[in-house]
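If you're wondering where the values come from, they're calculated on a predicted model, not measured in any experiment. Whatever order the structure lists ligands and atoms in, that order sets their numbers, starting from 1.
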Amino acid sequence: MSVSHPSPATTLLSARSARSLPCAPLAVLGHDVQVPLASGEKVGYAALDYAASSPALQRVWDDVAAYAPYYGSVHRGAGYLSQLSTDLFEQSRRTVAEFLDLREGDQVVFTRATTDSLNLLASAVPAGTRVFAFETEHHAALLPWAHAGLEVDYLRAPRSRAEAVAVLDAALAGAPAGPKLLCVTGASNVTGELWPVAELTATAHRHGARVVLDAAQLAPHHRVSVRELDVDWIAFSGHKLYAPFGAGVLAGRTDWLDAADPYLAGGGATRTVAREVDGSVAVQWHTGPARHEAGSPNVIGAYAIASACRALTEAGFDALEARERQLVERLTAGLAEIPQVRVLSLFGATGDIQSAARVGVLSFVVQGWNSSHFSAALSAEYGIGVRDGLFCAHPLVRTLLGEESGVAPGPVSECGAPEPSLPGERSLNAIRVSFGAGTPDEHIERFLTAVRELVTDGAAWNYRNEGGRCVATVQIDRGRREG
Ligand SMILES: Cc1ncc(COP(=O)(O)O)c(C=O)c1O
């Protein structure tokens with residue numbers, strides 16, 4: 001639908017001139033938020049948990065605020081603001097298609113997030129499809145396939161990029177005839193390491209398998225071209241791409257999606273619905289994105305993603321990646337100076353020249369520390385927000401932890417919940433530090449100082465496990481940070 005008179009949507013989309021901030025962090029919300037330490041002092045919050053959810057770009061927030069007064073229903077209203085919102089929603093789709101460098105004929109489906117996107121695809125895969133997934137995947141990429149009743153080959157954790165390609169090649173060579181799908185991540189949410197997506201895709205295609213790329217951790221950090229990588233589908237989340245308004249994306253080939261039953265049944269996905277003489281209801285479903293977008297679309301979420309896509313493109317991925325590389329190098333060099341710290345790596349042990357290639361995501365354990373205790377101290381004593389746990393990638397983290405500690409990890413708590421063990425107990429989980437386009441150098445420096453001090457001097461407070469959370473209780477009287 002196009003509006004007949006000048007649309008504020010056009011103004012909203014074109015008002016911003018290209019803004020390039022090659023060597024400075026992009027402006028994000030929350031950069032000036034003060035949080036209380038255990039001591040009662042306040043300190044600027046160092047958000048180092050971008051891999052879970054990144055802060056909103058100021059630009060995204062401003063764009064959403066500028067649009068908010070014009071908010072209206074999408075695909076279901078005759079009024080001006082409904083037309084405008086429909087326009088904006090569809091323009092957002094085109095912006096995302098450009099951002100991902102989609103091929104002619106590919107489509108963008110707006111979803112809730114990566115988990116939703118991959119479950120949608122799992123529901124649309126033709127019956128009899130065999131799915132291949134490395135056991136190292138995030139649960140969102142590991143679990144939807146069997147859940148949808150498909151046969152899954154879980155591939156063993158490879159210890160180099162070359163081994164990943166070889167393992168896939170062998171698995172596909174031995175697979176029975178029939179449709180096949182590989183689901184692979186672009187960057188690990190645990191180690192941050194980049195996966196050889198183009199090589200894996202070429203291998204998969206050589207065996208007649210299709211590929212869906214889980215770009216949840218890749219798209220916020222790197223330019224992604226679906227055309228160049230040649231993947232068949234790609235999925236990512238708005239809330240990890242500086243656009244936390246409840247939307248995500250599944251983009252790529254139309255054929256399987258158009259042939260499948262709609263992901264959700266409801267309004268918007270239907271062309272016609274009619275009562276039949278036998279009392280049943282006959283439905284003609286749309287093809288295209290609408291088929292899988294039943295219900296009222298999340299126009300603000302979609303528009304926020306489009307805004308983030310434009311902001312990152314205008315800032316320039318070359319500059320963003322260069323800056324992030326500097327921070328990664330500073331972080332890894334700083335941690336390497338602390339012998340008690342063990343950084344978790346899948347590809348790092350092989351001497352592979354690219355083994356260090358990672359986005360701004362890194363997990364580690366600290367000798368003699370429980371990771372929940374350590375993370376709690378980073379927060380309570382330094383105002384630093386990281387994540388501890390198994391990061392919804394239990395098989396991968398348990399493999400890496402087993403190797404690091406020389407012991408098989410025990411039972412684990414629910415995804416997202418800290419493992420309920422006491423300070424000083426052996427660590428059965430890890431600490432993850434992650435950052436991105438909004439991270440100032442100071443956050444990385446403060447983090448390294450904090451790790452060094454905690455390892456050298458110990459925590460300045462006692463901690464107690466309260467409902468699965470490590471909480472600071474009493475200050476230890478050592479005056480260790482005086483002067
Ligand atoms: C690699 C990867 N894939 C998928 C997901 C799931 O994303 P969401 O929780 O936004 O659905 C995550 C989330 O952490 C992730 O890191």
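Close approach to Ala140 involves these atoms of ligand 1, each under 4.0 Å from a residue heavy atom: 4 (C), 6 (C).
Taking the six-membered ring wherever Trp is involved, the centroid distance between the rings of Phe245 and Tyr303 does not fall below 6.0 Å.
When side chains are defined from C-beta on, His443 does not count as touching Pro25, because their heavy atoms never get closer than 4.5 Å.
The residue from His239, His138, His139 that puts a heavy atom closest to atom 12 (C) of ligand 1 is His138.
Among protein heavy atoms, the minimum distance from atom 3 (N) of ligand 1 is reached at Asp214 OD2, 2.6 Å. From the protein, the heavy atom lying nearest to atom 6 (C) of ligand 1 is Thr115 OG1, 3.4 Å. Of the protein's non-hydrogen atoms, Gln217 NE2, 2.7 Å is the one closest to atom 16 (O) of ligand 1.
Cation-pi geometry between Arg210 and Trp256 is met: under 6.0 angstrom from the ring centre, within 45 degrees of the axis.
Here's the thing with Thr185: none of its N/O atoms is less than 3.5 angstrom from an N/O atom of ligand 1.
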- Message: Assess the residue pair Arg59 and Asp62 against the criterion (salt bridge (Lys or Arg N to Asp or Glu O under 4.0 Å)); give the C-alpha distance rounded to whole Å, side-chain angles, the decisive distance to 0.1 Å, and a yes or no.
- Response: CA-CA 5 Å; Arg59 160 76 178 275; Asp62 292 347; over 6 Å; no
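Between Arg432 and Asp49 there is a salt bridge, since a side-chain N of the basic residue sits under 4.0 Å from a carboxylate O of the acidic one.
In this structure, Lys240 has a heavy atom closer than 4.0 Å to ligand 1.
Looking at Glu137 against ligand 1, nothing comes within 4.0 Å, counting heavy atoms.
Note that the CZ atom of Phe391 and the OG1 atom of Thr191 stand 11.0 Å from one another [nearest 0.5 Å].
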